[in-house]
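So the structure is just underneath, and the comments pick up after that.
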Amino acid sequence: MKQTTRRSFIQKSAIAGVGTLIALPSINTLMAAGSNSDNPATPFLLSNDFKTGFDQTPLAYANNALEPSIDAKTMDIHYTKHAAAYSKNLKEAAAAEKVDMAKPLEEVLGSISKYSVKMRNNGGGHYNHELYWKSMLPNANAQPTGKLQTAIEKDFGSIDAMKKKLAEAAMGRFGSGWAWLLATADKKIIVASTPNQDNPLMDIAEVKGFPLFGIDVWEHAYYLNYQNRRADYVENFWKILNWNYVGERFNSI
Ligand code: MN
């Protein structure tokens, strides 16, 4: 990727939050079977910065910028091979199933049961990875602040208790999938995990809500560096989690 592209993305990210707010379907609407994107009942407004398109967004950092938590080769293969394939296959499915790709992907995910398995796997795969890249920041070493901190402490007792639950969800996911911190429609913060490339926006998800961030626990996310040590990968993920971005997501709903 060209450095200029990264720089412009970073500049754009830096001013996130001052952009025009546009109405998107609420998570209630997205979660409802047969969701209707024309439904004006939207208690949540997501800013333009939080809607997801069908193409990959350029990474805001270099492949080696998240070391030692995530090594450069894993980042390279993960972004340019695995995640690129989800986007490509999603667009194929969207074209075949006559999805309007000018609309946010969130609309498709909210009624994913109406679409093909290819759409479910790749729509989820693309959304999940777009969120994953944005949720990480080189040398973040941060903690949640503001309303998000208050909400986590209210719902879990402490930040450490939340981290422990999320790590348990990541370790308890057998095979491939994701561990999530998400907000429910009434803004409670909870932990969940999903198999494969499913996510909490999907109408078929056991636990539904707005994903604040997700930890990819597919082996392709950590195996080169950590082999079977998923727990170490999860432990090191906290060091590169962009709590500022996660907090903006929470504040946006
Ligand atoms: Mn992945």
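It should be emphasised that the depicted structure is a prediction, and the values quoted were computed from it without experimental measurement. Every number for a ligand or one of its atoms is a count from 1 in the order of the listing. FYI, the numbering just counts along the sequence from 1.
Every residue was checked against the salt bridge (Lys or Arg N to Asp or Glu O under 4.0 Å) condition with Arg173, not counting sequence neighbours, and none meets it. Among residues two or more places apart in sequence or in another chain, the side-chain hydrogen bond (donor to acceptor under 3.5 Å, both in side chains) test is passed with Asp55 by Lys91. Legend: residues meeting side-chain hydrogen bond (donor to acceptor under 3.5 Å, both in side chains) with Thr150, ordered by chain and number and at least two apart, are absent.
By the 30° and 60° cut-offs, the orientation of the rings of Trp133 relative to His78 is perpendicular.
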- [ ] List the steps, then state whether ring-ring contact (aromatic ring centres under 6.0 Å, His included) holds for Tyr245 with Phe50.
- [x] CA-CA 10 Å; Tyr245 176 72; Phe50 298 112; 5.7 Å; yes

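Annotation: Trp218 is not in aromatic contact with His129 [ring centroid separation under 6.0 Å not met].
For the Mn ion (ligand 1), the tally of protein N/O/S atoms lying closer than 2.8 Å stands at 4.
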